[in-house]
Amino acid sequence: MVAAAAHASLLVFAKEPTPGSVKTRLAEAIGAARAAQIYRELTALTLAHAVAARRAGVIDKIELWCAPSADSPYFRGLGTAHHCSMHTQEHGDLGARMTDAIADALTRADAVLLVGTDCPLLDAHRLADAAALLAHHDAILGPAEDGGYVLVGTRRPLPFAAVRWSSPHAMDDTTAGFARAGMHWAALPVLWDVDEPADLARWEALHHTLRVTAP
């Protein structure tokens, strides 16, 4: 396993899997209930990868950042099962919430990696690659095929101003902010995530081989 950045924490951004509030683009094709179940499955897999990375020494801690609140039976169950610290995402757009979470986490860690729950390929080995790359850069990004990104890592607070979220411009807008801030950054290999109906076949094939259950 590749050596990790010193004292790195993994921040997992997750939503309460209420039908109609998660995976809305998928829900248009497969229904809100099935889309919410897929979100549960992806969250379970993300946390399984996180625990494997912690066990391998890639990261020190897992922080579960919850919306709308960490104080729910679902999130409390996840925190207990995976030994995560629990946090509630602040209000505002995704950039504001990520800015607040990263700044808060950096008071407890030398570096942070932040992921959502959309990319099932972010296993312990890829998280190790991310942590190793972060040891030599101010920030790193894990690009997604759709122009967004599936991971951001940093050793200092990040600017997320004027980012067009959920668009093909999110990666470029974020790196433009890094350039304005004079940050030295690097990118990981491009991965796919599960957002659109076209992504379902890849997810279902992968999920069948993993046999991860969703709480």
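- Salt bridge status for R34 with E41: present, with a side-chain N to carboxylate O gap under 4.0 Å.
- When every heavy atom of I38 is checked against every heavy atom of L200, the shortest pair comes out as CD1-CD2, 3.5 Å.
- Between F13 and L94, the closest side-chain pair of non-hydrogen atoms falls below 4.5 Å.
- You'll find the side chain of P197 stays beyond 4.5 Å of the side chain of I30, heavy atoms only.
- Side-chain atoms of S21 come within 3.5 Å of backbone N or O of T18 as a donor-acceptor pair.
- The side-chain heavy atoms of Y74 and P17, taken from C-beta on, include a pair separated by under 4.5 Å.
- Taking CD of E63 as the reference point, atom SG of C84 lies at 9.5 Å (rounded to 0.5 Å).
- Hydrophobic clustering, with ILVMFWY side chains joined whenever heavy atoms are under 4.5 angstrom apart, keeps L106 apart from M86.
- Using a 4.0 Å cut-off between charged nitrogen and carboxylate oxygen, R155 and D110 do not count as a salt-bridge pair.
- Classification of D172 and R164 as a salt-bridged pair fails, no side-chain N sitting under 4.0 Å from a carboxylate O.
- Under the 3.5 Å distance criterion, the side-chain polar atoms of D104 are left unmatched by any main-chain donor or acceptor of A101.
- Under 4.0 Å is where a charged nitrogen must lie from a carboxylate oxygen, and between E145 and R202 at least one such pair does.
- Contact check for S9 versus R108: no side-chain heavy atoms found under the 4.5 Å cut-off.
- When every heavy atom of H49 is checked against every heavy atom of L127, the shortest pair comes out as O-CD1, 4.3 Å.
- For A130 against I140, the heavy-atom pair with the smallest separation is O-CD1, 3.1 Å.
- The aromatic ring centres of W185 and H137 sit 6.0 Å or more apart.
- Annotation: the span from L45 atom CG to L121 atom CG amounts to 9.0 Å, rounded to 0.5 Å.
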Practice problem: Please report the C-alpha distance between F178 and T174 in whole Å, then the side-chain angles of each, then the deciding distance to 0.1 Å, and finally whether the side-chain contact (heavy atoms from CB on, under 4.5 Å) criterion is met. | Solution: CA-CA 6 Å; F178 291 174; T174 300; 3.7 Å; yes

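- One hydrophobic cluster holds both L26 and L206 under the rule that ILVMFWY side chains link at heavy-atom gaps under 4.5 Å.
- One distance of note links OG of S166 with CG of D195; it measures 7.5 Å at 0.5 Å rounding.
- Residues T175 and L141 form a side-chain contact, since some pair of their non-hydrogen atoms from C-beta on lies under 4.5 Å apart.
- Of all heavy-atom pairs between I102 and T154, the closest is CG2-CG2, 3.6 Å.
- Ring geometry, H87 versus W65: the interplanar angle falls under 30°, so the pair is classed parallel (tilted spans 30 to 60°).
- Hydrophobic clustering of Ile, Leu, Val, Met, Phe, Trp and Tyr side chains at less than 4.5 Å, counting indirect connections, unites V58 with I62.
- A side-chain donor-acceptor contact under 3.5 Å links Y39 to the backbone of K15.
- The backbone N or O of A70 sits less than 3.5 Å from a side-chain atom of T88, completing a donor-acceptor pair.
- With a 4.5 Å cut-off on side-chain heavy atoms, L42 and H207 do not count as touching.
- When hydrophobic clusters are built by joining Ile, Leu, Val, Met, Phe, Trp and Tyr residues whose side-chain heavy atoms come closer than 4.5 Å, directly or via intermediates, V112 is not grouped with V12.
- Rounding to the nearest 0.5 Å gives a distance of 12.5 Å between CG of D118 and CG of L151.
- No salt bridge links R97 with D100; every basic N to acidic carboxylate O contact stays at or beyond 4.0 Å.
- In terms of hydrophobic clustering, with Ile, Leu, Val, Met, Phe, Trp and Tyr side chains grouped at heavy-atom distances under 4.5 Å, V190 and V194 are assigned to different clusters.
- When all heavy atoms are compared, the tightest approach of A14 to F75 is O-CZ, 3.8 Å.
- The closest side-chain heavy-atom distance from L10 to V115 is below 4.5 Å.
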Quiz item: After noting the C-alpha distance and the side-chain angles of L122 and T46, does the key distance pass the side-chain contact (heavy atoms from CB on, under 4.5 Å) rule?
Solution: CA-CA 7 Å; L122 281 174; T46 298; over 6 Å; no

Exercise. Walk me through it: do T43 and L78 pass the test side-chain contact (heavy atoms from CB on, under 4.5 Å)?
Key: CA-CA 9 Å; T43 300; L78 290 181; 4.0 Å; yes

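- The OG1 atom of T117 sits 8.5 Å away from the CG atom of L47 when rounded to the nearest 0.5 Å.
- Annotation: the span from R54 atom CZ to H82 atom NE2 amounts to 9.5 Å, rounded to 0.5 Å.
- R156 places a side-chain heavy atom less than 4.5 Å from the side chain of M183.
- Of the charged side-chain nitrogens involved, at least one lies within less than 4.0 Å of a carboxylate oxygen, so that D123 and R126 count as a salt-bridged pair.
- When every heavy atom of A139 is checked against every heavy atom of L134, the shortest pair comes out as CA-CD1, 4.1 Å.
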